[in-house]
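Because only heavy atoms are used, hydrogens play no part in the values below, and waters and symmetry mates are left out as well, while side chains stay in. Numbering of ligands and ligand atoms starts at 1, following listing order.
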Amino acid sequence: MKIGILTSGGDCAGLNPVIRAIGLYLYNNVKNVELVGIPEGYAGLIRGESFPLTCDDLKGLLTLGGTILRTRRTPFKRMTVMEEGGTRLSKMIANYKKMGLDCLFTLGGAGTHKTAALLSMEGCNVIGVPKTIDNDIFGTDVTFGFRTAVEVVTEAFDRIETTTRSHSRIMLVEVMGNKAGWLTLHSGIAAGAHMILIPEIPFNLNAVCSFVDARIAAGETYTMIAVAEGATLDTEAKLKREERTFARSALGESTITRHLAEVIGEHTGQETRHSVLGYLQRGGTPCAFDRLLCTQLGSYAARLAVEGKFGVTAAVLGNKITFNALADVAGKYKFVDPKGEEVAIARGIGISFGDRV
Ligand code: F6P
């Protein structure tokens, strides 16, 4: 049995532990298994590159951040576009066959799943494992990498809070998450943010300023605001995507955080700063929760391969490791429900989402 593994899209903590778990399960349970890594995600498969992954190569991976296979974003929309030598999809299928793979594991997010579903439809045996710090993959309660990122962002927030409190400032902390606000919501609640701005709940400038005014009037000396990369003004939310991008670039920004800090600072007259956490959110060693989850997902996915269950992706549903058909979940996202329990609980303890005056 020859098995390939690739990691695609933005990296996160947990990719290496999943590779390890897949490998350990196969080496422990299958005779004559050959495991290969495909470098740089689908780009490596398009080029037809692979290298052996021996038992020795799996050592030390449980605690190692990033991905030993390296990763890359390979946009789905270009997969079926004709270029020299055929489409990227046809090249991947040809290389899958040339490598003699019996199964390909694709460790990635929503975009990775879309390409995996395409490969599966074309007859390749594919099994996905759901990765992303954004936690936005449809059909799974949690993705690996998310909980580590929540820990990292919460700790960063805690550190920023002590300096903010010392200086009696208003602080906006920008957290990754372009489409979905899970990371901002969970770390914001965990760190005790006073306001949380997420893409799913467009915010209103008056509501944001009134909330900060009310805190100042109540004698509060500082305010912590968690802002998702994809947080959107209510006025922007009404625009088409291209119009919004245009409006943002007119401000010289891709995110709203710096502009919002300026507006709040001018409005309140209080020292206001912002801090963009950036790529530290994706780096470093996986937390214990993710090490366990990655081990469970990886070994479960490997078992699916042994049982010949392909065209699926591993998932967590109600504390159980299970699977979804790639065709059912690919291309779908899981968003924070503005009317859901998590948002209600946050509102209940006085956290503002910047949408209500
Ligand atoms: O992995 C998802 C994500 O972390 C998003 O939250 C973020 O917008 C994006 O990746 C940025 O990734 P890159 O700059 O590596 O493409």
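Here the NE2 atom belonging to H267 is positioned 10.0 Å from the CG atom belonging to L205, to the nearest 0.5 angstrom. For the atom pair T148 OG1 and R291 CZ, the distance stands at 8.5 Å (nearest 0.5 Å).
Residue I133 has at least one heavy-atom neighbour below 4.0 Å for each of these atoms of ligand 1: 4 (O). Those atoms of ligand 1 that come under 4.0 Å of a heavy atom in G177, given as number and element, are 6 (O).
Residues T54 and D57 have side chains that bring a donor and an acceptor to within less than 3.5 angstrom of each other. Side-chain N/O atoms of Q270 and Y222 include no donor and acceptor closer than 3.5 Å.
Scanning the protein heavy atoms around atom 15 (O) of ligand 1, the nearest turns out to be R282 NH2, 2.9 Å. The nearest heavy-atom contact from the protein to atom 5 (C) of ligand 1 is D134 OD2, 3.4 Å. Among all non-hydrogen protein atoms, the one lying nearest atom 4 (O) of ligand 1 is M176 SD, 3.2 Å. Nearest protein heavy-atom neighbour of atom 7 (C) of ligand 1: E229 OE1, 3.4 Å. Protein heavy atom closest to atom 9 (C) of ligand 1, with residue, atom name and distance, is R73 NH2, 3.5 Å. For atom 14 (O) of ligand 1, the closest non-hydrogen atom on the protein side is Y279 OH, 2.4 Å.
Here E155 pairs with R159 in a salt bridge; the nearest charged N to carboxylate O distance falls below 4.0 Å. The pair E271-R169 meets the salt-bridge criterion, with a side-chain N (NZ, NE, NH1 or NH2) lying under 4.0 Å from an Asp/Glu carboxylate O.
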